[in-house]
4 protein chains.
Amino acid sequence: MSNRLEPTSRNYDEKLQGILKISAKIFAEKGFHRTSVRDISRATKMSLAGLYYYFTTKEELLYLIQERCFVTLLQRWERAATPVMDVRTRIRVFAENHLSFFCHNMHEMKVMAHEDESLTEEFQVKILVLKRRYVRVIMDLIRELQDQEGGKKVDLRVATFTLFGMMNWIYTWYQPKRDLPLPQLMEQMLRIYFFGVLHGGAVEASWFNSTSGASSKETFSLWHNNQ
Amino acid sequence: MSNRLEPTSRNYDEKLQGILKISAKIFAEKGFHRTSVRDISRATKMSLAGLYYYFTTKEELLYLIQERCFVTLLQRWERAATPVMDVRTRIRVFAENHLSFFCHNMHEMKVMAHEDESLTEEFQVKILVLKRRYVRVIMDLIRELQDQEGGKKVDLRVATFTLFGMMNWIYTWYQPKRDLPLPQLMEQMLRIYFFGVLHGGAVEASWFNSTSGASSKETFSLWHNNQ
Amino acid sequence: MSNRLEPTSRNYDEKLQGILKISAKIFAEKGFHRTSVRDISRATKMSLAGLYYYFTTKEELLYLIQERCFVTLLQRWERAATPVMDVRTRIRVFAENHLSFFCHNMHEMKVMAHEDESLTEEFQVKILVLKRRYVRVIMDLIRELQDQEGGKKVDLRVATFTLFGMMNWIYTWYQPKRDLPLPQLMEQMLRIYFFGVLHGGAVEASWFNSTSGASSKETFSLWHNNQ
Amino acid sequence: MSNRLEPTSRNYDEKLQGILKISAKIFAEKGFHRTSVRDISRATKMSLAGLYYYFTTKEELLYLIQERCFVTLLQRWERAATPVMDVRTRIRVFAENHLSFFCHNMHEMKVMAHEDESLTEEFQVKILVLKRRYVRVIMDLIRELQDQEGGKKVDLRVATFTLFGMMNWIYTWYQPKRDLPLPQLMEQMLRIYFFGVLHGGAVEASWFNSTSGASSKETFSLWHNNQ
DNA sequence: TATGAATGAGAATTCATTCAT
DNA sequence: CATGAATGAATTCTCATTCAT
């Protein structure tokens, strides 16, 4: 079926990464379906046919972008989380991980959030596996948190997807020039998530900064995905 | 745009509503760009050319769906909110309004949330006006709430769009058969929003039910948009 | 799957027949795969997209041509053959039928003989059913003949496909201006088939002409398929 | 056409033959136009660019296959025929030659029979020369036969191409597992050709076997073209 | 000899839209 | 109001071929 061999030279990989980066940008701006491979050809300054050396289908291109996002997200999470941390901290690290990646790779994340269903079966299934693994991480953490806290609990799925909703919605409104800088955005979002809008403002800032092993600044500096 | 007179016969209106409803469903399922006017022709059992009596452009069709959503949302809000209510209640009513409409018109809302940017300039501008008006409502309420509460405050835009993110993300994960029924979903979401996951579960249920002027049940029964 | 309705107006049918005729000609001249739908668009003076109103796939176009050939061939045979005739005559009538159609619809028949395997599964299966029915007719006749004659027999499949080979190969060499006129071509071919090159020439011509119910001339005048 | 020197190393020749063999197989299976050079690259396990060392054009590849067929066919004929033989025997030897080669190199022969017109002008002309030479051989024999026999004669072209039709059509129906083994197929075909279906079965077998200088077995053992 | 990477030309097909009726 | 028939423009993808190495 697939006409291309599997090349793995350094050169090939670098070029592919470049194509993914640029494509993600265009997909984010125009939407996957509105984007023609010609647009990508134009933006990458490669010939139309030349692009097809790097992927077999426009859909595979979308898949490659999404797959890479999830894989990176999971890798970074595994690297960042230590079993020593308490649950709350781990949740916060998870969210920081997510948000930092999000904000530093806004295009890719918008594509992930928005073009979810643009994949065809085959690819959608593969992505679903990754996504499930990713969602399970935070779900397990929230369950652990709830077990610890006791009392009347919020439904687990609601608790989970509420968090994702808050975070993933960002691409629809966040304007770097107008809105809070990333670290503060993250902090405030977590405040709302943990303590609610009503009390979130009141919680001492220390709670947010002192418990995390890696300071936000450190986390941030590592983020760019494209090299 | 439209050269023809605006027909207003009862028949015409009914038919148009039917087309909008069916189109929204297909747009929600396949995405706006993947949906061809032929798909709509098939689903409505009208001829391709026949459809064009009811709209001039596929994009106008999308616009009509979105416009109708915002208009209804705003109307319902104005009908539901009373100046007597206190801020918290008004916020809750707003959210209930939004969520109820959302869940009862999932297709339309998914289209609204998802196909936001699929509109062309011209139409996008018109929708933006409505959307801004709608957003301002809740933004003003949140500001009022924060003024009342005093203390350190969360950024207004963050507070606003966090709420929308939580709510609008629903279309990506909510499965009626698997998840909580709508009223409870609403309640839990508001708990998280107001009090946070940590304490949200503990707040007495009474808080949620007794203060609202209109009971959820009443609210719900009004919701279906399609007749 | 199929986007088009099934129109059956007189006009539609006539137009489709015209397209089939012209396409058959081009397929015969350039081969199916070398022919682009653009070529057909040019030859029919219809727009590229306009053609697709009449078929869904270039392959379906080929199918329609082939199907029509077999159906006509079978119809004509059923009309021409009478149970009264003796076996030899029936065989001759079958061959006359085949050859007359062949020579009067050379393009279509070349396409049938040559582009056999250019059809995709789905269509190939449908054609196979017709072809089998057609082949069985002559096979049964040959078997009957052999039963009657007694003596050492030639293998049935060899006897059958040898006849088809002789006849269908015509498209590769026959030039109307250079070669015998059709009725004589037919006669000579049948002589060879029945009596061999060695003795075929010697058999009295009467054998060929007096036994057939319909004279060749009559048969020929009916042949054009395209109206 | 070709700018490069003609390499003649043993290695080169062997490799080219391998490529021709494999290509013939694919051409036979998928048809010339449907076959991409990539298909050949895959099947030969050579790189796309590497193949072009052995031919300059996909069409040249087809040409090489066909040319080699005709050349071999002519060589074998010249080796097999002796002026001593009587005409009938010579015709039989010609047919045996053709059929044996055909059946032992089905792929190549199908390509020859089927992809006749797929060549471009230039190449087609070259092949035509060979083909004419080949056809003339049998045509001359048949003329000689007819002169000898006297009586009313069958048209020469009809007599010639009827024979080719019978033989070349084989690729469309012959299934080794289902049909007669090759020597019998040959015998029966020749019976039909010489004596007709009606009497062909009755002719004594001896006629076929005793007069031929080379027994079929011998003929067959020489046939494989690919080394 | 051999190949990885690249490309121009062209292929089939789809789509939103129109227009005469 | 409604529709059958038609179309221009675009889209994804494939292909034979090349060229630097």
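All values below were derived from every heavy atom in this structure, side-chain atoms included, with hydrogens, water molecules and symmetry-related copies excluded. Numbered from 1 within each chain, the chains take letters A, B, ... in sequence-line order.
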Original post:
Are a donor atom and an acceptor atom from the side chains of B:Glu115 and B:Ser118 found within less than 3.5 Å of each other?
Top reply: yes
Can you measure [X] atom [atom1] to [N] atom [atom2] for me and round it to whole angstrom units?
X: C:Leu51; N: E:dA11; atom1: CG; atom2: P; result: 14 Å
X: C:Asp39; N: E:dA11; atom1: CG; atom2: P; result: 7 Å
X: A:Tyr53; N: E:dT7; atom1: OH; atom2: P; result: 12 Å
X: C:Arg34; N: E:dA9; atom1: CZ; atom2: P; result: 19 Å
X: A:Leu62; N: F:dT12; atom1: CG; atom2: P; result: 13 Å
X: A:Leu61; N: F:dT12; atom1: CG; atom2: P; result: 11 Å
X: C:His33; N: F:dA16; atom1: NE2; atom2: P; result: 12 Å
X: B:Arg10; N: F:dC1; atom1: CZ; atom2: C1'; result: 18 Å

**OP:** Search all heavy atoms of A:Lys126 against all heavy atoms of A:Tyr63 and return the closest pair with its distance.
**Re:** CD-OH, 3.4 Å
Original post:
Hey, does the side chain of C:Glu60 reach the backbone of C:Thr56 with a donor-acceptor pair shorter than 3.5 angstrom?
Top reply: yes
Subject >> E:dA2 OP1/OP2 closer than 4.0 Å to side-chain N/O of D:Tyr54 >> reply: yes
Subject >> E:dG4 phosphate, OP1 or OP2, under 4.0 Å from A:Lys15 side-chain N/O >> reply: no
Subject >> Closest to side chain of D:Ser36, choosing from F:dC15, E:dA5, E:dT3 >> reply: F:dC15
Original post:
Is there a side-chain contact between D:Ile40 and D:Leu61 (heavy atoms, below 4.5 Å)?
Top reply: yes
[atom2] on [Y] to [atom1] on [X], rounded to 0.5 Å:
X: D:Leu20; Y: D:Glu108; atom1: CG; atom2: CD; result: 8.5 Å
X: A:Ser41; Y: A:Tyr52; atom1: OG; atom2: OH; result: 10.5 Å
X: C:His114; Y: C:Met109; atom1: NE2; atom2: CE; result: 14.5 Å

Original post:
Between D:Phe32 and C:Met46, which has a closest nucleotide on DNA chain F that is more 5'?
Top reply: C:Met46
**OP:** Assign each of C:Lys45 and B:Gly50 to its nearest nucleotide of DNA chain F by heavy atoms, then name whichever residue's nucleotide is nearer the 5' end.
**Re:** B:Gly50
Subject >> SB check B:Lys110 A:Glu117 (cutoff 4.0 Å) >> reply: yes
Original post:
In dot-bracket notation, what is the pairing pattern of DNA chain F, taking Watson-Crick (N1-N3 plus N6-O4 or O6-N4) and G-U wobble (N1-O2 and O6-N3) contacts under 3.5 Å, with [ ] crossing and | for other strands?
Top reply: .||||||||||||||||||||
**OP:** Using a heavy-atom cut-off of under 4.0 Å over every strand shown, decide if A:Ser41 touches base, sugar-phosphate, or nothing.
**Re:** nothing
Are there any protein N/O atoms within less than 3.5 Å of an N/O atom in nucleotides 17-21 of chain F, and if so, which ones and at what distance?
{"from": "F:dT17", "atom 1": "OP2", "to": "D:Tyr52", "atom 2": "OH", "distance (Å)": "3.1"}
{"from": "F:dT17", "atom 1": "OP2", "to": "D:Lys58", "atom 2": "N", "distance (Å)": "2.8"}

Can you list, pair by pair, the side-chain donor-acceptor contacts under 3.5 Å of residues 23-33 of chain C, counting residues two or more places apart and other chains?
{"from": "C:Ser23", "atom 1": "OG", "to": "C:Ile19", "atom 2": "O", "distance (Å)": "2.7"}
{"from": "C:Lys30", "atom 1": "NZ", "to": "C:Asp39", "atom 2": "OD2", "distance (Å)": "3.1"}
{"from": "C:His33", "atom 1": "NE2", "to": "D:Arg34", "atom 2": "NH1", "distance (Å)": "2.4"}

